[in-house]
Every structure is written in structure tokens, then in C-alpha cells.
Protein chains: 2
Amino acid sequence: MPYERDGIRRMAGYTPGEQPDDPRAIKLNTNENPYPPPEPVLAALQAISSERLRRYPPPTSSELREAIAALHGVNASNVVTTNGGDELLRLAITTFVDPGKPIGIADPGYSLYPVLAAVNGSPVVRVPLDGAWQPPADFANCMNQAGVNLTLLVNPHAPSGTLLDAETIAAVAQALDGVLLVDEAYVDFADPERNHDVVSLTHEQDNLLILRTFSKGYSLAGLRLGYGIGDRGLIEPIATKTRDSYSVDAIAEQLGLAALAHRAHAAQTWEAVRGERARLAATLHGLGLECAPSQSNFLLARVPDTLGGGARALYQALKARAIFVRHFDQPRLHDRLRITVGTPPENEALLDALHELCAWGQI
Amino acid sequence: MPYERDGIRRMAGYTPGEQPDDPRAIKLNTNENPYPPPEPVLAALQAISSERLRRYPPPTSSELREAIAALHGVNASNVVTTNGGDELLRLAITTFVDPGKPIGIADPGYSLYPVLAAVNGSPVVRVPLDGAWQPPADFANCMNQAGVNLTLLVNPHAPSGTLLDAETIAAVAQALDGVLLVDEAYVDFADPERNHDVVSLTHEQDNLLILRTFSKGYSLAGLRLGYGIGDRGLIEPIATKTRDSYSVDAIAEQLGLAALAHRAHAAQTWEAVRGERARLAATLHGLGLECAPSQSNFLLARVPDTLGGGARALYQALKARAIFVRHFDQPRLHDRLRITVGTPPENEALLDALHELCAWGQI
């Protein structure tokens, strides 16, 4: 006899990216930072005492929240730490969306959003992005008309990597009746010359919740550490009511502190990724694979049907060579591949394989 | 303008036990194992590579689930790992209880249960335990009558420490229409002569979900690692649909594996706690503080009003001496103190303080 709720029985779960067992595989499919975390983060790991393991962690990660607040020029009461960015997404839904009420997303977006909505029994209001992966002018209006109290927007956008500017975000937040969660999982990879800054908008905009993570920018996907920034009215119910009391463990707090203290090292990896991103996009262009202008650590490349048998065939042919990229079998994405920017040798291996596969015209 | 749901605005959050900053404080208030994790667990921590930190963890903790399954004589498909035992509690509610539908608990119990119910908008059906902290004969019937689809039972019981035998658990599970979650957070401290075994009941009983944790028995509260065991019909919707894809981090998986590989060391700490538990209970008895018969790593001591000014005054007087125990200001518990069994010197310090405070008759 099934005991789970009807809604859970009917829904499909999230499909995480493939994690090949072969350590020689080239993994350009789950958007990890290709460079390791710096030595001081490893040193912080080595310094974890048995006493810290034995005891419960500080329930609200006070010390880490202070460090995050200092980095962003906000107060610790504007920050909540979470077990990866994914936990903040779930908590935002639990906190702001009555079960069964609608959740707004820009389509396409991060494929976890509809899964989390389904768990909440929430219908998804999908507003299609335009051809440049930007929200249409009536985006906020569509959400308001549908009675949406939480809108999820990933920026830089996934899977295209395009960056929506802060002015547009501000206008959307202002026009929305409900909460706007901006998922900035990839924002560390944006060009610094863009001076992109959405966090400072939270001082004015009490419905704007920013998601950040240590997974990509700080090379700590294995650690599960993320955080939210926003008006105290948004943060407090999450931090004191809906979040599990000890959801961030004692090790994550210490490594997060070390990562922030050595942020300059992480910034070097962002710069390296930007350089490789430009080189990779240019070479893909030369092969006939057009990429959207990415401000992230991945590229969305359009594959003409005449090249390598099309996107899906190319994905499979690369996989057969132990090179993993991501293919989404869905409208507007089925003819594209999402490619994480790797290290120079990884990118070289990808390009070599593509040269060969595309030169044949067909695989 | 408040954006959170009405139900969240109205509810109160969970109050975690005090975490004093003073490292010299004697913490007998949050039921941690008083002994550190063994050397091989620290060695596993030291051996974590930067590559493991950089990459996403295995989404379903496959290797750890295999090890847990082997320990308990079940299949890996009967096991789900969670970010501490608390996450399993939340997931059981999300998976089995429609928002707004009732949740059953034995009263009193773990104070987090009503908080998680409130987040789900669920009324709590509280069935009072009898004078020996055992569920009454009509326990399951009360839950069925109230339309409860998930009943939470902590065993050994918190905060009394008493152990309900497996036969009674089996009878309750059999009689219930819905799921019975048995929270065995403290079961490692039960006397081995009791041969207490509820996990093996899951082979027969498809509505029985067991919660276990590395926090207490394995001295890893700082790590946040727990798991659930049950029929595949219970585990699968949690593991594949409601659980966040990477809720257990890469470090927790490795340290969990090391802890299981060196379980004999943990078993020594359980034996030491049992010895101290008996000694502490006997001495408290001599002081006029009667304890329920505990099979856990804590004691619930009844404080006569004539001793030290009563439970609350005694709690405060101990706190003034930097000795932390737990006082619950609620019916049936307000005249008691919950005391975690510490190391021999910690217990000695507590007893010395109590001798002094109780000898005065009044503080």
C-alpha cells in the first residue's frame, strides 16, 4: 500500500547531472569550478578538532553570517546560511508559498525549480524568455495576474549564461506583488567591468531575496554551503522558523570562513574561467557552434543539425569518449549543449573531439 | 509588508539548547556523546582531497548507504541518508502528510515535532504517555480515529530515556493505518542485554520508518548525518523526490564510512556512558532526585520543591556555576531536569554542585 501523498506519487523527481565513476572522465556537465579550493581552505579542514565534530554546530552559523554580512555590506540579520543554495530555494517556497499556490519561473531555467514546486503542490507559472533569454516587459505583470507570491529567476541565466542587468532586476522586483528570489549561483564569474550588483538593491527592495553559493565560485560543491541575503522581514522567518536548526554543519562553517578570508584566490579562478570562456566560445564559433554571450562558467552552444548529427548525437558521441556535457531534451534546448568551462587541457580535449566529430559532418 | 505565509507568521520556531561560549562550561544540556570520535574518523577528515571538495557529492551517498545496509541486514534501497536526523523528520512529514492534515505524537516528546508540524500547517494529535512514559493501549486507535497518516515516536523516549520494547512497537505499527516513524536517535546507548531490535521489524512492517543518527552514538553532532531505514515503498519517494539532491555532503559521507568501519570504538563510549549513567542515577537518588529508568545518554530527574528551590531554581543555580542542564517549562516536566550523562569529571562536578545546592535546602 502506498503511504506517500498523492501529489508526491504523481510527480517526477529531479535528475542530477551524471557523475561518472571513471576518474579520467572529463566532466563538463555539472558546472563545478574547474580549479581546486585554495590551500588555506584545506588547512582549515585539517584544523577541525574532534571537539568540533562531537558538539552541535552553532545553530545559526553566527560567525560565518558576520563574515558574509561584512563582505556584502549588510547586517548579519540580513543573512541566512543554508545547506547549499538548493536548501534556500526549498525554504523560500516553504516560507512564502502556501501549499497549492502558484510559483513563478522564467522559462527555461534551473530544472530543479519545477520539482520543488511539485513537492509543494504548486502549479508553475512559466513566462517564456525572449530570444536573447531576457524576460519580456510584462514579466512581473504576468506573475501578479496569476497570484504568484514567489518568483524564481536565475541570473546569470541557466542554461544560457546570459546576464540580466541590475536595473532590469530592480524594475521586476518593484513591479512584483510577491517575493523575487534571484539565484546568483554563478554571479562570481561575471566580468568585473560590468559592476554587476544586485545585493545592494536589498537595502531598498524588501521583497528581493538573493541566493549565493560556495559551490561554484569557491570550488566547494562537495561541502554544501549557500546563503541568502535580503530584508530582515524575508530572512527572519526562514532563519528562525522554517530552516532546520542545524542545517549547516560545523565543518562547512569553518571552511566557509576560510574561503572568504582567501577570496582573492577564488577571484583568480574566476578570471581564469573568464579567459577560457572567451577562448572556448571563439573556437566553438569557428566550428559552427554559436554560443549565447555567457557571464557564467558555462556556455550554451547551438548545434546545427548538419554538425555531428545534431546536439543529442554529439552529446552521446562525446560521452562515448568520456567527455561529459549536458543535453536537455526539452523545447528550445534540444538543439543545444551546455558546456561547463573546464581547465585549459579539459577544454582542449573537448575541442579536439569536436573538431573530429564535426569534421565528419555526421557521426 | 510581511511576505511569509500566515501559518508561518503565527507559529513559534524551535528553541535549540543553549550553546555557551565559555569553553570551560560543563555542557550536560544537548545530549552529545561526552567522548570524542575515534582517531580513524579524524584521519578520514585529514584525507579529504581538494577534488572531493570541488565536486558535487554522490547524489544518493551510494557507498555510505551500502555500508549502513550491511550493518543492519537490509538492502541499500531500504536506506536514505539525511542532513542529520532532523532532516528525516521533516522529509517524512513532507512525503506522507498533506499540508494541513494531522500528525500524531506521544506527549511529551522531542520538542521539534510540533514545530515541524506547524511548518506543514498540520494540527498535532497528542496522546499522553502514562506515568511510566509508555503509550496507552489505545494509542494507535486514537491516531487512526483522528485520521493521522504519520505518527512520531522517539524511543528511547525523550526526555525520560525510557525504552519501549520492540513487541510494543510492532503492535503499534500493526495497528496504525498510517506510517510510524520511530526516532531511535539514542538507541545506541541501550543495554545490549536487552537485545532491542526494531530495525528487523521493517522486513515485515511496510509502514515502519526508523530514524538513526551519527550525532550521539558516533560523537558526530557537528557533522549532521542521519539516516532512515524502512520498506522500499517508504524510502523511495523520500530518496528520489522530496529529499534535496545533495543534502549529505562529501565529507559527511567519508566520515560516516570511517565511523562505521570503527564502530567498536563507538561501542566503547556507549559502554562508558552506561556505567556513568548508573552511577549518576544512583547518586542522584541518594540526593533525593529520582530518575526514570534510562536506556539513553541522559537522565530525567524529578526535583522535589524542597530541594534546591525546585527544578527551575536548581537549573538556574547550576547555570550560574557554568553547568548547563535542560529544564522544560511545560506540563509534567516543569519539576524535572534533563541531564546528559557526561564524562566522569563532568558528572563529578555536577554532583558536587548538587550536593552543595541541595544540602542548603534552598538556594
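Just so it is clear: chains get the letters A, B, ... in the order the sequence lines come, proteins before strands, and each one is counted from 1.
- Residues forming a side-chain contact (heavy atoms from CB on, under 4.5 Å) with A:Thr151 (at least two apart in sequence, or on another chain): A:Phe139, A:Met143, A:Val148, A:Leu176, A:Leu180.
- Only the side chain of A:Asn83 comes within contact range of chain B, judged by heavy atoms closer than 4.5 Å.
- Both the backbone and the side chain of A:Arg5 have a heavy atom closer than 4.5 Å to some heavy atom of chain B.
- The shortest non-hydrogen separation linking A:Glu87 to B:Asp244 is CA-OD2, 3.9 Å.
- Of the atoms belonging to A:Asp98, heavy atoms from both backbone and side chain fall under 4.5 Å from chain B.
- The residue among B:Arg54, B:Met11, B:Glu39 with the most heavy atom pairs within less than 4.5 Å of chain A is B:Arg54.
- Heavy-atom pairs under 4.5 Å with chain A peak, among B:Val115, B:Asn207, B:Leu112, at B:Asn207.
- Using a 4.5 Å cut-off on side-chain heavy atoms (C-beta onward), B:Val41 and B:His262 make no contact.
- Interface residue A:Gln46: backbone and side-chain heavy atoms are both found under 4.5 Å from chain B.
- For B:Arg55, the parts lying under 4.5 angstrom from a heavy atom of chain A are both the backbone and the side chain.
- In this structure, CZ on B:Arg90 lies 9.5 Å from OG1 on A:Thr242, to the nearest 0.5 angstrom.
- No donor-acceptor distance shorter than 3.5 angstrom exists from the side chain of B:Arg224 to the backbone of A:Val248, with no hydrogens or angles considered.
- Proximity to chain B (any heavy atom under 4.5 Å) is shown, for A:Leu150, by neither the backbone nor the side chain.
- Residue contact with chain B, scored on non-hydrogen atoms closer than 4.5 Å, is absent for A:Lys101.
- Of the residues considered (A:Gly7, A:Gly13, A:Pro16, A:Ser50), A:Ser50 shows the highest number of contacts with chain B, using heavy-atom pairs under 4.5 Å.
- Annotation: salt bridge (charged side-chain N to carboxylate O under 4.0 Å, His left out) contacts of A:Arg326 (sequence neighbours excluded): none.
- Residues passing the ring-ring contact (aromatic ring centres under 6.0 Å, His included) test with B:Phe96, sequence neighbours excluded: none.
- In terms of non-hydrogen atom pairs under 4.5 Å with chain B, the most contact-rich of A:Ala47, A:Pro36, A:Ala12, A:Pro237 is A:Pro237.
- Remark: side-chain polar atoms of A:Asn297 are paired, donor with acceptor, to backbone N or O of A:Asn31 under 3.5 angstrom.
- Using a 4.5 Å cut-off between heavy atoms, A:Leu42 touches chain B through its side chain atoms alone.
- Between chain B and the options A:Lys241, A:Glu51, A:Arg52, heavy-atom pairs under 4.5 Å are most frequent for A:Lys241.
- Contacts between A:Leu220 and chain B at a heavy-atom distance below 4.5 Å involve backbone atoms as well as side-chain atoms.
- Among B:Ala250, B:Ser219, B:Ser215, the residue with the largest count of heavy-atom pairs under 4.5 Å with chain A is B:Ser219.
- Side-chain N or O atoms of B:Asn144 include one that pairs as donor or acceptor with a backbone N or O of B:Asp177 at under 3.5 Å.
- Ranked by heavy-atom pairs under 4.5 Å with chain A, the list B:Thr94, B:Asp86, B:Thr15 is led by B:Thr94.
- Considering every non-hydrogen atom in both B:Gly100 and B:Pro123, the closest pair reads O-CD, 3.1 Å.
- Considering every non-hydrogen atom in both B:Gly17 and A:Tyr246, the closest pair reads N-OH, 4.3 Å.
- For the options B:Asp231, B:Val119, B:Thr95, heavy-atom pairs under 4.5 Å to chain A are most numerous at B:Thr95.
- Heavy atoms closer than 4.5 Å to chain B are found nowhere in A:Tyr218, neither backbone nor side chain.
- Taken from CD in B:Glu253 to CD1 in B:Ile48, the straight-line distance is 9.5 Å, to the nearest 0.5 Å.
- The stretch residues 57-65 of chain B places B:Pro57, B:Pro59 near chain A, each with some heavy atom under 4.5 Å from a heavy atom of that chain.
- Counting heavy atoms of neighbouring residues, nucleotides and ligands inside a 6.0 Å radius, atom CD of A:Glu204 does not exceed 12 of them.
- Residues A:Val273 and A:Pro34 meet the side-chain proximity criterion, which asks for heavy atoms closer than 4.5 Å.
- Interface remark: B:Ile8 contributes backbone and side-chain atoms alike to the contact with chain A (heavy atom separation under 4.5 Å).
- If you measure heavy-atom distances from B:Tyr35 to chain A, the contacts under 4.5 Å come from the backbone alone.
- Looking at A:Arg243, neither its backbone nor its side chain comes within 4.5 Å of chain B, counting heavy atoms on both sides.
- Of the listed residues (A:Val97, A:Thr30, A:Ile238), the greatest number of heavy-atom pairs within a distance under 4.5 Å of chain B belongs to A:Val97.
- A:Leu209 pairs in a side-chain contact (heavy atoms from CB on, under 4.5 Å) with only one of the listed residues (A:Leu181, A:Leu152, A:Val80), which is A:Leu181.
- Atom OG1 in B:Thr202 sits 9.5 Å away from atom CG in B:Leu234 (nearest 0.5 Å).
- Residue contact with chain B, scored on non-hydrogen atoms closer than 4.5 Å, involves the backbone of A:Thr240 exclusively.
- With a 4.5 Å cut-off on non-hydrogen atoms, B:Leu255 touches chain A through its side chain but not through its backbone.
- Panel note: side chain B:Thr340, backbone B:Leu28; a donor-acceptor pair is recorded below 3.5 Å.
- Between B:Gln19 and B:Lys27 there is a side-chain heavy-atom pair separated by less than 4.5 Å.
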